[in-house]
Amino acid sequence: MADRIGFIGVGTMGEPMCRNLARKSGLEVLAADRDDAPLRRLAADGVKAASIDEIAASCRTILLSLPGGKEVEQVCLGEGGLVSKAKLGWTVIDLSTAPVSLARRLYAEFEGMASAFADAPVARTRQAAIDGTLSIMVGGTPACFERIEPLLRHMASEVTYCGEAGSGQAVKILNNMILFQTGVALAEALSIARAHGVDGKVLFETLTKGSADSFALRNHGMKAMLPGVFPERAFSTEYALKDLSYAIEMAEERGVPALGADVARELMERAAELGHGKEYWPVLLRAIEDGTGKG
């Protein structure tokens, strides 16, 4: 690996990932973002603010942490994008969640420029990003994975090779699809229990002792739905809808029914209509509680 790493996108998840990379890798890190605030905060950890052009000119390893496929496509394939600047020996690692088809296209484009590309989307919470305990799912060649795994482990406690290009995105997208559907079940159960005079705390605490126990219950259910706390600057309903749309797109491409995902999308869209688009996605509970949001 080169002694200098580029990091493009230091938002909600990108900032703590970039910080861990700078603190633990011993390498010089250059970061680019439209927002100066996280760049100023990262300066305390030795991260140098730079433009995308400056990163492309001086870094052989470049990581992306962007809101979604649209932004990844613009940075990589837009006018003056990274593909047009790619050099022999580059490694581009996309930590964003983006469509499988885009990951495979970028792999082909960078490979054509004698550069490597890996899709490496991250799972778990912002706190996990801060703690360096993310789960990262990687798609790309085995040789590329072997090369970048030590770098990724500065940001994650779990790093899994999932297969060829696009496989990391596929696994991450389906992980989120399952999580969102579980969230729907929790929100429905909580609403039904309350409607029948059953204490939601009793319900959820009891569920942790049986077969309905899950990460989603203990985190999204008990820490968000139960107290009704849905902060902004967490994983918002809008972002969740984006990821869910990627899953539904994958299903439609192969003619696979995804009825549960459709229900989750309907509830999230309703929550957004109610004004909760920027709030933490378990706020879909509000779409169930609202009379017009009931199926």
Side-chain angles (χ1 to χ4, degrees), residues 1-66 71-72 75-76 81-83 85-96 103 106-107 110-111 113-124 126-161 165 168:
M1 307 290 283
D3 292 331
R4 180 177 286 176
I5 296 172
F7 203 109
I8 300 173
V10 286
T12 300
M13 298 293 281
E15 180 182 347
M17 286 192 286
C18 184
R19 179 172 291 111
N20 278 320
L21 192 61
R23 288 177 175 176
K24 299 176 183 179
S25 69
L27 303 173
E28 183 179 8
V29 179
L30 275 61
D33 197 277
R34 292 178 178 177
D35 186 356
D36 289 335
L39 295 172
R40 289 195 297 270
R41 291 191 293 267
L42 286 166
D45 297 285
V47 177
K48 296 183 179 179
S51 67
I52 292 177
D53 286 347
E54 288 170 336
I55 287 174
S58 61
C59 300
R60 291 184 62 211
T61 301
I62 300 174
L63 294 89
L64 311 176
S65 180
L66 299 168
E71 292 80 8
V72 172
V75 167
C76 292
L82 292 179
V83 167
K85 303 176 187 298
K87 302 171 186 174
L88 176 69
W90 261 24
T91 300
V92 178
I93 306 166
D94 184 18
L95 302 166
S96 322
L106 290 175
Y107 171 81
F110 280 109
E111 185 183 52
M113 301 295 289
S115 297
F117 174 83
D119 49 291
V122 305
R124 296 181 180 158
R126 186 172 192 274
Q127 188 59 51
I130 293 169
D131 296 339
T133 56
L134 291 166
S135 174
I136 301 182
M137 292 140 277
V138 185
T141 66
C144 181
F145 175 74
E146 183 177 351
R147 188 167 67 252
I148 68 175
E149 183 183 6
L151 193 65
L152 298 178
R153 288 198 176 276
H154 294 310
M155 301 176 285
S157 55
E158 301 288 345
V159 180
T160 306
Y161 179 62

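- The distance from the CD1 atom of Ile130 to the CZ atom of Arg126 is 4.5 Å, given to the nearest 0.5 Å.
- The two residues Cys59 and Trp90 have their closest heavy-atom pair at O-NE1, 3.3 Å.
- Atom NZ of Lys85 and atom OG of Ser115 lie 13.5 Å apart (nearest 0.5 Å).
- The line from OG of Ser58 to CD1 of Ile5 is 11.5 Å long, rounded to the nearest 0.5 Å.
- With a 4.5 Å cut-off on side-chain heavy atoms, Asp119 and Tyr107 do not count as touching.
- Considering only heavy atoms from C-beta on, Arg19 comes within 4.5 Å of Leu42 through its side chain.
- Of all non-hydrogen atoms in Lys24 and Asp131, the two that sit nearest each other are NZ-O, 4.3 Å.
- What you find for Ala156 and Ser135 is that their closest heavy atoms are CB-N, 4.5 Å.
- Here Phe7 contributes atom CZ and Leu64 contributes atom CG; the two are 8.5 Å apart, rounded to the nearest 0.5 Å.
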Exercise. Are Leu152 and Val138 close enough, and set up right, to give a side-chain contact (heavy atoms from CB on, under 4.5 Å), and what steps lead you there?
Worked result: CA-CA 10 Å; Leu152 298 178; Val138 185; 3.7 Å; yes

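- Evaluation of the ring-ring contact (aromatic ring centres under 6.0 Å, His included) rule for Phe117 yields Phe110 as partners, not counting sequence neighbours.
- Side-chain contact annotation: Asp53 with Ser51, donor-acceptor N/O pair under 3.5 Å absent.
- To the nearest 0.5 Å, the span separating CD1 on Ile62 from CG on Leu82 amounts to 5.0 Å.
- The residue from Ile93, Thr160, Val122 that alone fulfils the side-chain contact (heavy atoms from CB on, under 4.5 Å) condition with Ile136 is Val122.
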Do any side-chain atoms of residues 27-39 form donor-acceptor pairs under 3.5 angstrom with protein atoms, and if so which ones, sequence neighbours left out?
from, atom 1, to, atom 2, distance (Å)
Glu28, OE1, Arg4, NE, 3.2
Glu28, OE1, Arg4, NH2, 3.2
Glu28, OE2, Lys48, NZ, 2.9
Asp33, OD1, Asp35, N, 2.8
Asp33, OD2, Val10, N, 2.8
Asp35, OD1, Ala37, N, 3.0

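- Distance check: His154 NE2 to Arg23 CZ gives 14.0 Å after rounding to the nearest 0.5 Å.
- Between Tyr161 and Gly140, the shortest heavy-atom distance links the atoms OH-O, 2.7 Å.
- The side-chain heavy atoms of Glu71 and Ser96, taken from C-beta on, include no pair separated by under 4.5 Å.
- For the pair Asp45 (side chain) and Val47 (backbone), a donor-acceptor distance under 3.5 Å is absent.
- Contact between Arg147 and Pro150 at its shortest, heavy atoms only, is O-CD, 3.6 Å.
- The only member of Leu134, Leu95, Leu66 that meets side-chain contact (heavy atoms from CB on, under 4.5 Å) when paired with Met13 is Leu134.
- Side-chain atoms of Asp94 do not come within 3.5 Å of backbone N or O of Pro121 as any donor-acceptor pair.
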